[in-house]
Amino acid sequence: MRYKANVVRKTALCCGASLTALFAAQSANAQTVAEQPASVQPSPTSTESEDIVVTGYRASLAAALRLKRNASSVVEAITSEDLGKFTDNSIADAIQRVPGVQIERNDGGQRGDRVSIRGLGPAFVTTTVNGRVVSSYGSEGINQLRSFNLEVLPTEVLSGTVIYKSPTAELIESGLAGEVDFQTLRPLDYRVPSGKPFFGSITGRIQDDSQTSDVGGRVSGIFGGKLADDTFAFFVSGLYDQTDIRVDELNLSTTSYRDVNIRQANGSVQITRNVLYPDLIAAQIIDQPTKRIAASGGIQWRPTPTLEVNADYTFSQFDRLSDRQSGQVSFIGANGTVTNGIFDASGINIENGAVNFVDLSRVTSVGGSNTTAAYTVFNYIYDNFSKTQAGGINVAYKNDGWTAKLDYSHSNVRYYQDLSAFIGGGLPLPNSAGVSYDARGSGPAIVGLGQNSVTTPGTLDAAFFFKRIFQNRTDLDAIKADVARDLTPDFTLKFGGRYQRQKVEVRSAINFIVLTPAQQAAVQPVLFPGQTLTIFPNNPIGLNNIQLARSRAAFEQFPSIVPAYDPNSRPFSGDFFDTSSSGAFSFDPSSYFSIVEETSAARTQLEDVFSI
């Protein structure tokens with residue numbers, strides 16, 4: 001069960017060179033019409049046939065339809081006829097409207113939005129950019145490294161997306177669910193409405209989050225040109241985005257399957273086995289400022305109708321500073337005194353193998369007395385930083401029924417995650433009357449605390465400090481060659497091969513400190529200043545009020561306790577197999593690995609085009 005609120009009020013402000021040109025054209029056209037005498041007759045040449053070029057949204061739909069009709073497999077397509085015509089905030093928003101495509105949202109901030117096809121998750125989807133595999137930091141830099149994070153790609157430089165729902169030999173080894181190929185701009189193919197050699201646009205947006213006092217914004221721009229009689233073209237683009245989002249959550253942070261003892265009306269005890277039990281209920285506020293910087297560029301050279309050269313590069317930096325305030329209630333008791341005890345029949349309710357109601361005042365613990373619950377406040381600092389670079393060069397030759405392409409690409413990822421927190425001991429809830437969990441209704445669950453106060457200043461302390469670093473460095477190089485021969489107007493023979501080498505190096509280190517009494521006394525008033533936060537102010541959930549914990553402020557005030565991350569120190573640098581440590585961090589073998597993957601592939605494909 002998870003209940004979430006993320007209320008955002010957005011105000012969009014857009015301006016650009018393209019809009020200015022449009023208004024100027026309309027004004028000039030109106031002036032010309034006004035100056036025309038009423039007696040002027042149409043010229044004889046006005047009845048002659050002219051070429052009609054369809055652009056904009058209608059042309060975009062027609063292009064997508066042609067692509068789907070001519071494809072040799074089951075595909076879906078999105079095209080963008082003009083630059084910046086993706087009106088969505090991200091490419092994920094655009095492709096989620098495609099039939100059979102779902103998006104996994106990046107609510108936690110430790111990974112990006114991902115694509116699923118026909119219900120199969122991102123791990124089963126191959127994602128490419130211009131037909132090339134791009135490095136990804138996956139989830140937290142250590143898991144699902146084949147899942148591509150969509151935030152890497154600015155929408156301003158995309159000309160289209162093709163979703164392949166069935167594999168073909170010419171595709172890169174496709175995932176079980178399919179493949180998604182994002183296609184960047186080819187500037188020679190861009191139709192400049194004014195007929196002039198240069199084009200560009202600037203867009204600005206302002207975003208106001210109703211739950212925070214911060215105002216975020218996004219500025220993006222693109223500029224390009226077509227030169228040398230339309231044989232050479234280029235474009236450059238940039239993006240800066242800064243947003244602060246707050247998310248309120250109530251969730252079952254920990255559950256487990258347990259055997260539950262229930263006292264019957266006749267005094268006997270019945271054991272219900274393998275029941276999903278709510279061990280830990282957490283109310284959480286996530287304050288997540290994000291900053292994104294992206295830049296892209298590309299050139300396209302077509303010296304002859306038979307030869308074409310393309311080169312492109314994309315850089316993306318995505319930083320997410322996540323401050324998580326959490327108040328948690330444990331319903332298992334110390335050493336399982338609750339779950340190993342005996343529940344009155346009126347103190348627990350089980351539906352479909354899961355507990356949706358429990359009242360701790362109606363449980364007799366193992367020791368024969370009523371139970372004691374525990375309440376804990378955490379303030380995790382959960383920061384994620386990533387830099388991604390991707391680029392390549394492609395040479396294509398087409399003549400006399402032959403088509404040959406050679407492509408080289410490189411991409412890399414530099415990612416690290418910093419998870420830090422001061423951890424205190426649990427606050428006992430000795431008065432078990434009213435301490436309950438109730439999810440039997442249609443709305444959010446209600447967590448009762450009875451007469452216990454969890455917001456009284458001075459009741460919480462800091463006993464430990466914990467810091468964990470994940471670091472991911474990934475490099476990928478690939479070369480691909482493709483050849484096609486039109487045997488007849490209906491038959492095409494395609495063959496080719498590719499080689500790819502990817503190296504992934506993940507390093508992890510931890511720091512754990514038991515605070516001395518003097519350190520506890522110094523940290524406590526800074527970490528717990530005695531203020532109260534309200535979560536879900538318009539929805540009574542029982543855990544609406546939690547004590548404010550300021551881990552980030554404590555980190556800054558006590559640098560002697562909190563070690564700084566130095567990527568040039570051991571175990572974050574140097575020989576990978578040298579696991580010695582320097583400074584305050586200790587080598588963490590649970591998330592420390594290096595992978596080198598080499599892929600060689602060859603393929604042959606015969607296509608037949610026919611009509612039904």
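When reading the values below, keep in mind they use all heavy atoms of this one structure, side chains included, and skip hydrogens, waters and symmetry mates. Note that the structure is predicted; figures quoted are calculated from it, not measured.
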- Residue pair L227, F234: steps toward the side-chain contact (heavy atoms from CB on, under 4.5 Å) verdict: CA-CA 9 Å; L227 309 171; F234 72 94; 4.3 Å; yes

- Message: For a side-chain contact (heavy atoms from CB on, under 4.5 Å) check, start with the C-alpha distance between L120 and V125, then their side-chain angles and the critical distance, and finish with the verdict.
- Response: CA-CA 8 Å; L120 290 176; V125 177; 5.8 Å; no

- Using the salt bridge (charged side-chain N to carboxylate O under 4.0 Å, His left out) rule, take D287 and R552 through it: C-alpha gap first, then chi angles, then the decisive distance, then the call. CA-CA 12 Å; D287 185 13; R552 205 179 292 274; over 6 Å; no

- Task: For the pair Y416 and D418, evaluate side-chain hydrogen bond (donor to acceptor under 3.5 Å, both in side chains) and give the outcome as yes or no after the intermediate values.
- Result: CA-CA 7 Å; Y416 85 91; D418 184 344; 5.8 Å; no

- Would V134 and T127 satisfy side-chain contact (heavy atoms from CB on, under 4.5 Å), going step by step from the backbone distance to the final call? CA-CA 8 Å; V134 179; T127 304; over 6 Å; no

- side-chain contact (heavy atoms from CB on, under 4.5 Å) between R114 and N149, intermediate numbers included: CA-CA 6 Å; R114 283 96 172 275; N149 306 310; 3.1 Å; yes

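When all heavy atoms are compared, the tightest approach of A233 to K226 is CB-CG, 3.9 Å. Residues K165 and P99 share a closest heavy-atom pair of NZ-O, 2.6 Å. In terms of heavy atoms, G119 sits closest to Q102 at N-OE1, 3.1 Å. Considering every non-hydrogen atom in both L476 and V133, the closest pair reads CD2-O, 3.7 Å. Y380 and A421 make their closest contact through CD2-CB, 3.5 Å (heavy atoms, listed as atom of the first residue, atom of the second, distance). The two residues T231 and L188 come nearest to each other via the heavy atoms O-CD1, 3.9 Å.
A donor-acceptor pair is defined here as one N or O able to donate and one able to accept, closer than 3.5 Å; no such pair exists between the side chain of Q144 and the backbone of A123. For the pair D383 (side chain) and S322 (backbone), a donor-acceptor distance under 3.5 Å is present. R320 places a side-chain N or O within 3.5 Å of a backbone atom of F318 that can act as its donor or acceptor partner. The main-chain N or O of S551 is found under 3.5 Å from a side-chain atom of N379 such that the two form a donor-acceptor pair. Panel note: side chain T203, backbone S220; no donor-acceptor pair is recorded below 3.5 Å. When atom types are taken as modelled, the side chain of T243 and the backbone of T290 share no donor-acceptor pair closer than 3.5 angstrom. A distance-only check finds no donor-acceptor pair linking the side chain of Y137 to the backbone of T474 [under 3.5 Å]. D482 places no side-chain N or O within donor-acceptor distance of the main-chain N or O of G496, the cut-off being under 3.5 Å.
Within 6.0 Å of CZ in F587 there are more than 12 heavy atoms belonging to other residues, nucleotides or ligands. The local environment of CZ in R146 is sparse, with at most 12 non-hydrogen atoms from other residues, nucleotides or ligands closer than 6.0 Å.
Judged purely by distance below 3.5 Å, without hydrogens or angles, the side chains of Q500 and R498 pair a donor atom with an acceptor atom. Side chain to side chain, S135 and N412 fail the donor-acceptor criterion of an N or O pair below 3.5 Å.
Annotation: salt bridge (charged side-chain N to carboxylate O under 4.0 Å, His left out) contacts of D323 (sequence neighbours excluded): none. For K387, the salt bridge (charged side-chain N to carboxylate O under 4.0 Å, His left out) test picks out no residue, with sequence neighbours left out. With sequence neighbours left out, the salt bridge (charged side-chain N to carboxylate O under 4.0 Å, His left out) criterion links R414 to D475. Under the rule for a side chain to side chain contact (heavy atoms under 4.5 Å, CB included), the partners of T388 that lie at least two apart in sequence or sit in another chain are V152, V413. For S569, the side chain to side chain contact (heavy atoms under 4.5 Å, CB included) partners two or more places apart in sequence, or in a different chain, are D566, F572, S582.
For the pair F576 and Y592, the minimum side-chain heavy-atom distance is below 4.5 Å. Here the side chains of I95 and L150 are in contact, with some heavy-atom distance below 4.5 Å. Here the side chains of K405 and K480 are not in contact, with every heavy-atom distance at 4.5 Å or above. When side chains are defined from C-beta on, Q300 counts as touching D189, because their heavy atoms get closer than 4.5 Å. V115 places none of its side-chain heavy atoms less than 4.5 Å from the side chain of I163. Side-chain contact between P563 and F585: present, with at least one pair of heavy atoms (C-beta onward) separated by less than 4.5 Å. The side-chain heavy atoms of T161 and V180, taken from C-beta on, include a pair separated by under 4.5 Å. Annotation: side chain of K196 is not in contact with side chain of F198 (no heavy-atom distance under 4.5 Å).
Rounding to the nearest 0.5 Å places CD of Q471 at 13.0 Å from CZ of F385. Within the model, atoms OG of S253 and CZ of F378 stand 9.0 Å from one another, a figure rounded to the nearest 0.5 Å. To the nearest 0.5 Å, atoms CZ (F593) and CD1 (I142) are separated by 6.5 Å. Taking CZ of R132 as the start and CG of D477 as the end, the distance is 12.0 Å to the nearest 0.5 Å. To the nearest 0.5 Å, atoms NZ (K398) and CG (L307) are separated by 13.5 Å. A distance of 10.0 Å separates CG of L185 from OG of S296, quoted to the nearest 0.5 Å.
In this structure, F555 and F465 have perpendicular ring planes: the angle between them is above 60°, well past the 30° mark. In this pair, F182 and F148 present their aromatic rings tilted. The plane angle is within the 30 to 60° band.
With respect to R186 and E308, no salt bridge is recorded, no charged nitrogen being found less than 4.0 Å from a carboxylate O.
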Which donor-acceptor pairs under 3.5 Å do the side chains of residues 501-509 make with protein atoms, sequence neighbours left out?
from	atom 1	to	atom 2	distance (Å)
R501	NE	E598	OE2	3.4
E505	OE2	R507	NE	3.1
E505	OE2	R507	NH2	3.1
R507	NH1	P571	O	3.1
R507	NH1	S573	O	3.2
R507	NH2	G574	O	2.8
S508	OG	I469	O	3.4
S508	OG	D588	OD2	3.0

